[in-house]
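One structure is given here, and the rest of the page talks about it.
Atoms within a ligand are numbered from 1 in the order they appear, just like the ligands themselves. What you see is a predicted model, and the numbers here were worked out from it, not measured in a lab. Along the sequence shown, residues are numbered consecutively beginning with 1.
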Amino acid sequence: MNPAADRIGRVNTPNAELVVDVAAIRHNVRRLKEWVGPGVQMMTVVKGDGYGHGMVPAARAARAAGAEWLGVATLEEALTVRAAGDTGRLLCWLAVPGQDFAPLVAADVDVTAYTVAELDEIRAAARSVGERARVQLKVDTGLSRGGSTAADWPDLVAAARRAELAGELVVTGIWSHLAASEDQAHPANDAQEKAFLDALDVAEAVGLRPEVRHLANSAGAVLRPSVRFDLVRCGIASYGLDPAPGVTPAGLDLVPAMTARARLAMVKHIDAGAGVSYGHLWVAEEPTTVGLVPVGYADGVPRHGSGALEVAVGGERHPVRGRICMDQFVIDLGADTTAQAGDEVLLFGTGARGEPTAGEWAAWCDTINYEIVTRIGGRFARVVIDSAEGDA
Ligand SMILES: *Cc1c(COP(=O)(O)O)cnc(C)c1O
């Protein structure tokens with residue numbers, strides 16, 4: 001073997017790593033299943049590369065914990081899950097006109113129709129494959145995003161029923177999505193639940209008998225038993241994160257699965273009056289020691305976190321100073337630090353070692369933890385661990 005060729009493309013000690021603990025995902029999926037109780041199926045949502053955790057490892061962890069279903073947005077995500085060897089129930093829900101449903105029908109993926117036109121595309125795909133498509137119908141109950149309007153719903157269910165009787169497809173589910181499930185007092189919750197029940201009545205009247213009716217995301221599943229129906233679609237909570245600050249009851253005992261960490265590229269003393277990073281947004285009032293963290297907005301560290309984020313070094317929190325750059329940012333280690341170049345920097349994680357959580361990062365960046373974990377990536381090396389390996 002050519003040693004030079006062997007070195008090219010080989011991962012050196014990485015500047016930074018995203019560590020995903022699949023044992024935490026399994027734990028969270030099991031806890032959520034216990035929380036919603038028997039008789040409610042669990043769909044673990046693994047879209048968006050498993051909320052940034054890695055779609056395939058997340059999917060495998062969810063199945064190992066007993067998730068009956070996986071959920072993804074795009075057709076391509078569904079085929080990626082199948083290509084990884086998954087054979088369980090799998091739903092996707094976001095296509096554009098002209099996409100080819102045939103490989104999804106052939107791969108036994110449940111696909112979603114919002115309109116009669118989309119249903120017609122699915123029917124054509126089913127005919128081309130020579131198999132019945134598994135179709136779920138989505139009704140818009142008040143989010144005004146995807147799904148059939150209430151006005152179009154009678155036509156959609158009637159068309160689906162005709163296609164079912166013609167042997168082209170089976171309607172396996174009817175579903176909708178909540179607008180404000182994290183806010184229990186929001187009037188949209190009652191209104192959407194009522195609209196969903198009405199839509200189910202319309203479907204039943206034309207003879208549809210779907211296997212699963214579903215409405216709840218994580219917050220709905222956790223907070224509002226009446227929206228659980230036959231199945232809940234849990235994304236964020238499966239990764240151990242709160243759907244909104246303070247939503248998750250402590251008793252649910254979720255564990256964040258992702259830790260973002262880096263190694264200090266450099267540690268140095270700066271004098272009072274030194275401006276730090278682009279634009280000198282921050283100027284040292286006293287002499288201090290700064291550390292250089294070798295990840296930036298190209299890696300999904302939000303530039304919005306400039307001057308606001310905190311990270312942990314040696315169990316202590318330290319603030320970001322000045323602008324987050326494309327590849328790096330600067331932290332204030334304080335004048336008497338013992339930190340050295342090469343030391344570990346915990347950006348966010350479970351909080352067990354003094355580090356912030358993704359939720360704290362979200363608050364500092366004026367966003368939600370969903371966006372923090374799905375956008376982090378870039379040049380982080382991805383490491384999947386199983387902290388329960390060896391357990392019985
Ligand atoms: C993303 C998504 C979910 C999961 O929502 P969480 O709040 O992460 O639990 C459920 N259903 C649909 C349709 C989604 O797009």
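With a 4.0 Å cut-off on non-hydrogen atoms, His214 does not touch ligand 1 at all. Residue contacts with ligand 1 for Trp175 involve side-chain atoms from C-beta outward but no N, CA, C or O (heavy atoms, distance under 4.0 Å). Contact annotation for Arg233 and ligand 1: heavy atoms of both the backbone and the side chain come within less than 4.0 Å of the ligand.
Apart from Ile385 itself, the hydrophobic cluster it occupies contains Val19, Val383, where clustering links Ile, Leu, Val, Met, Phe, Trp and Tyr at side-chain heavy-atom distances under 4.5 Å.
Where the criterion is an N or O separation shorter than 3.5 Å, residue side chain and backbone included, Lys138 fails it with respect to ligand 1. Not a single N or O atom of Ala219, backbone or side chain, sits closer than 3.5 Å to an N or O atom of ligand 1. Not a single N or O atom of Val45, backbone or side chain, sits closer than 3.5 Å to an N or O atom of ligand 1.
Near Arg145, meaning under 4.0 Å from any of its heavy atoms, are these atoms of ligand 1: 15 (O). Close contacts between ligand 1 and Ile236 involve ligand atoms 6 (P), 8 (O), 9 (O) [criterion: under 4.0 Å to a heavy atom]. Close approach of ligand 1 to Tyr370 is summarised as follows: ligand atoms under 4.0 Å from at least one heavy atom of the residue are 6 (P), 7 (O), 8 (O). For ligand 1, the atoms sitting less than 4.0 Å from at least one non-hydrogen atom of Tyr51 are 1 (C), 4 (C), 5 (O), 6 (P), 8 (O), numbered in the order shown with element in parentheses.
The protein atom (non-hydrogen) at minimum distance from atom 9 (O) of ligand 1 is Ser218 OG, 2.5 Å. Shortest contact from atom 12 (C) of ligand 1 to any protein heavy atom: His177 CE1, 3.4 Å. Closest to atom 2 (C) of ligand 1 among all protein heavy atoms lies Lys47 NZ, 2.5 Å.
Ion pairing between a basic and an acidic side chain is recognised when a charged N comes within 4.0 Å of a carboxylate O; Arg89 and Asp110 show such pairing. Using a 4.0 Å cut-off between a side-chain N of Lys or Arg and a carboxylate O of Asp or Glu, Arg123 and Glu164 do not qualify as a salt bridge.
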Could you go through residues 151-158 and list every donor-acceptor pair under 3.5 Å that involves a side-chain atom there, pairing it with any protein atom two or more places apart or in another chain?
{"residue": "Asp152", "atom": "OD2", "partner": "Thr149", "partner atom": "OG1", "Å": "3.4"}
{"residue": "Trp153", "atom": "NE1", "partner": "Ala199", "partner atom": "O", "Å": "2.9"}

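A parallel orientation is assigned to the rings of Tyr51 and Tyr239, their planes being inclined by less than 30° (bins at 30° and 60°). Aromatic ring pairs are classed by plane angle as parallel below 30°, tilted from 30° to 60° and perpendicular above 60°; the pair Phe348 and Trp361 is perpendicular.
In the model, Glu355 has no side-chain atom that pairs as donor or acceptor with a side-chain atom of Thr259 under 3.5 Å.
The 12-atom threshold is exceeded at CZ of Arg127, counting heavy atoms of other residues, nucleotides or ligands nearer than 6.0 Å.
Inter-residue side-chain proximity for Glu68 and Lys33 is flagged as met; some heavy-atom pair is nearer than 4.5 Å.
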